[in-house]
Amino acid sequence: MRSLLLLASAAALIAVTATAMQHGGHDAHAAHKAQDAIAAAVAAPTRSATNTPRDTYRHPAETLAFFGVKPGDTVVELWPGGGWYTEILAPLAKSGGGTLYVAAPWERGLNRIKEKQAADAATYGAVKLAEFPATGAGDKVPDGSADAVLTFRNVHNWRFGGADKTADAFKQIFAMLKPGGTLGVVEHRLDESDDSAKEEKSGYMKKSSIVAFAEAAGFKLAGESEINANPKDTKDYPKGVWTLPPNLTEGETDRAKYIAIGESDRMTLKFVKPAS
């Protein structure tokens, strides 16, 4: 009897191990496929020649992989501006049958994306436009529809762009996401030891400030990365983060110095909406 029990236990262990290996192999294969799709989107010939040189500072392939973005996902890009990341996210979504929303103040915040749609419907025609923060002026991202919501260097604008809209913004993001969905944040980083008053006009924010807003909305911090860190950034410029590339607000004054520093030191934070 003891021998039979040992044999049964061994067989069960082999079965569990084989299942785990199979599951792990499937996950690894899926991650590899997603990374290949992201790499192809980063290399898309439709990207602007003026945008691709910024890859060396913004690390789009590594950043999107860290956030776990997949080509079949429903992704929301908040406040896309000129569409730097849209140029990558649109072909990524197209390649995998996913959906891309771009959401910004209605509707001036979407004018540059509309220009892209008019100029290249094949790449951008399927991109959905939405209002964020939602006020009822335009379509909103449906609640519980998104696998991932991404925002790149925007939280300081919500916080200090006149009225403080940060708490409401994070609540609306939380509503957009499916349970288990991801919020990816890239933001100019103010050192925790610095005076918090610097957040107001510098463009930099403390990690603790962003985490507090996210957790108040119900998010959990799931990970952080130094992908977009820049130790050369001294963060002490009278005109704030915009002193550095690509803005270079000082014009020709110390231009070479600021170009040598490069773009800002940035935190890369991954939050999740709890599954229950």
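Salt bridge annotation for K70-D147: absent, with no cationic side-chain nitrogen under 4.0 angstrom from a carboxylate oxygen.
By the 4.5 Å heavy-atom criterion applied to side chains, V102 and L129 are counted as neighbours. Residues L78 and M176 have side chains in contact (heavy-atom distance under 4.5 Å, counting atoms from C-beta outward). Residues V141 and F132 fail the side-chain proximity criterion, which asks for heavy atoms closer than 4.5 Å. Between Y101 and P142, some side-chain heavy-atom pair lies under the 4.5 Å cut-off. The closest side-chain heavy-atom distance from E250 to K239 is below 4.5 Å. Counting heavy atoms from C-beta on, the side chains of L248 and T243 never come closer than 4.5 Å. With contacts defined as side-chain heavy-atom distances shorter than 4.5 Å, the pair P105/E131 does not qualify. S209 places a side-chain heavy atom less than 4.5 Å from the side chain of E199.
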- Task: Check the pair L100 / K128 against side chain to side chain contact (heavy atoms under 4.5 Å, CB included), numbers first and verdict last.
- Result: CA-CA 6 Å; L100 174 63; K128 297 186 176 184; over 6 Å; no
- Message: Between L221 and F219, is the side chain to side chain contact (heavy atoms under 4.5 Å, CB included) condition met? List the steps.
- Response: CA-CA 7 Å; L221 181 63; F219 286 103; over 6 Å; no
- Task: Could you check D164 against T166 for side-chain hydrogen bond (donor to acceptor under 3.5 Å, both in side chains), going step by step and ending with a plain yes or no?
- Result: CA-CA 6 Å; D164 185 355; T166 321; 2.7 Å; yes
- Apply the test side chain to side chain contact (heavy atoms under 4.5 Å, CB included) to residues K207 and E224: give CA-CA distance (whole Å), side-chain angles for both, the deciding distance (0.1 Å), then the verdict. CA-CA 10 Å; K207 171 191 164 185; E224 54 189 297; 2.7 Å; yes
- Query: Given the rule in the ring pair (Phe, Tyr, Trp, His ring centres under 6.0 Å) test, do W79 and Y85 qualify, once you have shown the distances and angles that lead to the verdict?
  - Reply: CA-CA 10 Å; W79 288 32; Y85 255 100; over 10 Å; no
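Other residues, nucleotides and ligands place no more than 12 heavy atoms under 6.0 Å from the CZ atom of R112. Dense packing is recorded around NZ of K114, with more than 12 heavy atoms of other residues, nucleotides or ligands lying under 6.0 Å away. In this structure, K165 places its NZ atom where only 12 or fewer heavy-atom neighbours from other residues, nucleotides or ligands lie under 6.0 Å away.
If you check the side chains of S48 and E87, you find a donor sitting under 3.5 Å from an acceptor. Defined by atom type and a distance below 3.5 Å, a donor-acceptor pair is missing between the side-chain atoms of D55 and T52. One side chain, K206 or S196, offers a donor N or O that lies under 3.5 Å from an acceptor on the other. Remark: the E77 side chain and the T86 side chain contain an N/O donor-acceptor pair separated by less than 3.5 Å. Side-chain contact annotation: S193 with D191, donor-acceptor N/O pair under 3.5 Å absent. With hydrogens and angles left out, the side-chain atoms of N230 and E263 include no donor and acceptor closer than 3.5 Å. A side-chain donor from one of D168 and Q172 sits under 3.5 Å from a side-chain acceptor of the other. Judged by distance alone, the side chains of T234 and D236 do bring a donor and an acceptor atom under 3.5 Å apart.
In this structure, K270 is not positioned above the aromatic face of F67 in the sense of NZ or CZ being under 6.0 Å from the six-membered ring centre and within 45° of the axis.
To the nearest 0.5 angstrom, L150 atom CG is 10.0 Å from T63 atom OG1. Residue D194 holds its CG atom at 13.5 Å from CE of M205, rounded to the nearest 0.5 Å.
Ring-plane geometry between F170 and F213 is classed as parallel, the angle between the planes falling under 30 degrees on a 0 to 90 degree scale with a further cut at 60. Ring geometry for Y204 against Y237 counts as tilted: the plane angle lies between 30° and 60°, on a 0 to 90° scale.
L89 and V76 end up in different hydrophobic clusters when Ile, Leu, Val, Met, Phe, Trp and Tyr side chains are linked at under 4.5 Å. No continuous path of hydrophobic side-chain contacts links I210 to I227 [ILVMFWY only; heavy atoms under 4.5 Å]. Side-chain heavy atoms closer than 4.5 Å link hydrophobic residues (I, L, V, M, F, W, Y) into clusters, and following such links, even through other members, never connects I88 to Y57. Residue F152 is not grouped with residue I173 when hydrophobic side chains (ILVMFWY) are merged at heavy-atom distances under 4.5 angstrom, including chains of intermediate members.
For the residue pair P60 and W84, the shortest heavy atom distance occurs at CG-CH2, 3.9 Å. Scanning all heavy atoms of the two residues, the minimum distance from K273 to A175 falls at NZ-O, 4.1 Å. Smallest separation of non-hydrogen atoms from L110 and A130: CD1-O, 3.5 Å. The two atoms that bring F174 and P274 nearest to each other are CE1-CD, 4.0 Å, heavy atoms only.
Checked against N228 for a side chain to side chain donor-acceptor pair (under 3.5 Å), the options R189, H59, E187, R58 give a single hit: H59.
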